[in-house]
Amino acid sequence: MDRIPSAGTIHSSISPEAFLPKDDLEPQNRSRSVAKPYVCNFCGKSFSSRDSLTDHIHTHTGEKPHACRVCNRCFAARSNLCDHMRIHNGRPYKCTECSECFVTRFKLQEHFRIIHDGQKSYKCKECSECFGSRYRLQERIYSMRIAEEPSKCTECSRGFAYPSRLGSHIRIVHNHD
């Protein structure tokens with residue numbers, strides 16, 4: 001039984017050894033590696049399938065072999081392409097409280113938890129303010145440490161660490177396209 005994938009599935013910058021099951025690389029850990037036998041040679045993360053490992057390795061090599069047939073945007077992982085395709089096919093996850101629609105179930109759950117349940121479990125160590133997501137906390141830290149003058153809304157003077165967040169704010173809050 002050959003444990004290395006066929007030549008057709010290996011990309012030029014990925015070493016064939018990166019696909020070896022963990023027990024071939026670390027014999028002392030065989031009893032603990034049954035569920036996730038494939039290990040990444042770059043970072044040591046384990047995977048249950050060779051395909052998952054291949055997609056993960058692309059994050060290290062920068063390869064993006066999975067292209068969208070509609071807009072040609074490329075992705076490292078097939079799962080990210082599948083999520084992306086929902087943009088073209090509609091947003092199937094609809095909030096029962098406010099009818100806002102989302103591309104993934106995770107985004108819907110995050111929206112509900114933050115907006116409707118009011119959960120803000122990410123606390124800033126600098127200012128003690130709480131945020132609903134790790135991304136919003138990182139945005140706050142970025143605005144405090146790196147951005148000397150955050151992007152400000154000309155209509156309400158609200159500041160944003162990232163110009164893209166300002167653009168979203170203007171479209172959503174002030175209804176400008």
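Along the sequence shown, residues carry numbers from 1.
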Specify the closest pair of heavy atoms between V103 and I87, including all atoms of both residues, with the distance to one decimal. CG2-CG1, 4.0 Å
Distance check, rounded to the nearest 0.5 Å: S133 atom OG versus K107 atom NZ? 7.5 Å
Mind listing the closest non-hydrogen atom pair of C74 and A67 along with its distance? SG-CB, 3.8 Å
Can you list everything that forms a ring pair (Phe, Tyr, Trp, His ring centres under 6.0 Å) with H116? Sequence neighbours excluded, please. H111, F112
Mind checking the NZ-SG spacing from K45 to C40? Nearest 0.5 Å is all I need. 9.5 Å
Tell me, do F102 and E110 make a side-chain contact under 4.5 Å, heavy atoms counted? no
Please say whether more than 12 non-hydrogen atoms of neighbouring residues, nucleotides or ligands are located less than 6.0 Å from CZ in R73. no
Any idea which heavy atoms bring I170 and C153 closest together, and the distance? CG1-SG, 4.4 Å
Which heavy atom of K94 sits nearest a heavy atom of S99, and at what distance? CE-CB, 3.6 Å
S52/K36 under side-chain contact (heavy atoms from CB on, under 4.5 Å): CA gap, chis, key distance, verdict: CA-CA 10 Å; S52 296; K36 296 183 177 184; over 6 Å; no
Heavy atoms, side chains only, cut-off 4.5 Å: are C43 and H56 in contact? yes
Taking the side chain as every heavy atom from C-beta outward, state whether E63 and I57 have any pair of such atoms under 4.5 Å apart. no
Note: C130 and K120 closest approach over all heavy atoms is CB-O, 3.5 Å
Can you tell me how far the CG atom of L53 sits from the CG atom of N41, to the nearest 0.5 Å? 8.0 Å
Given T104 and R86, is the side-chain contact (heavy atoms from CB on, under 4.5 Å) satisfied, shown in steps? CA-CA 8 Å; T104 66; R86 290 188 183 119; 3.8 Å; yes
Just wondering, do T59 and F42 contact through their side chains at under 4.5 Å, heavy atoms? no
In Å and rounded to the nearest 0.5 Å, what is the CD to OH distance from Q138 to Y135? 9.0 Å
Atom pair CG/CZ of L166 and R158 - distance to nearest 0.5 Å: 10.0 Å
Output the distance between atom CG (N80) and atom CZ (F75), rounded to the nearest 0.5 Å. 7.0 Å
Closest heavy-atom contact between R78 and D55? N-OD2, 3.3 Å
Hey, does the side chain of R113 reach the backbone of G132 with a donor-acceptor pair shorter than 3.5 angstrom? yes
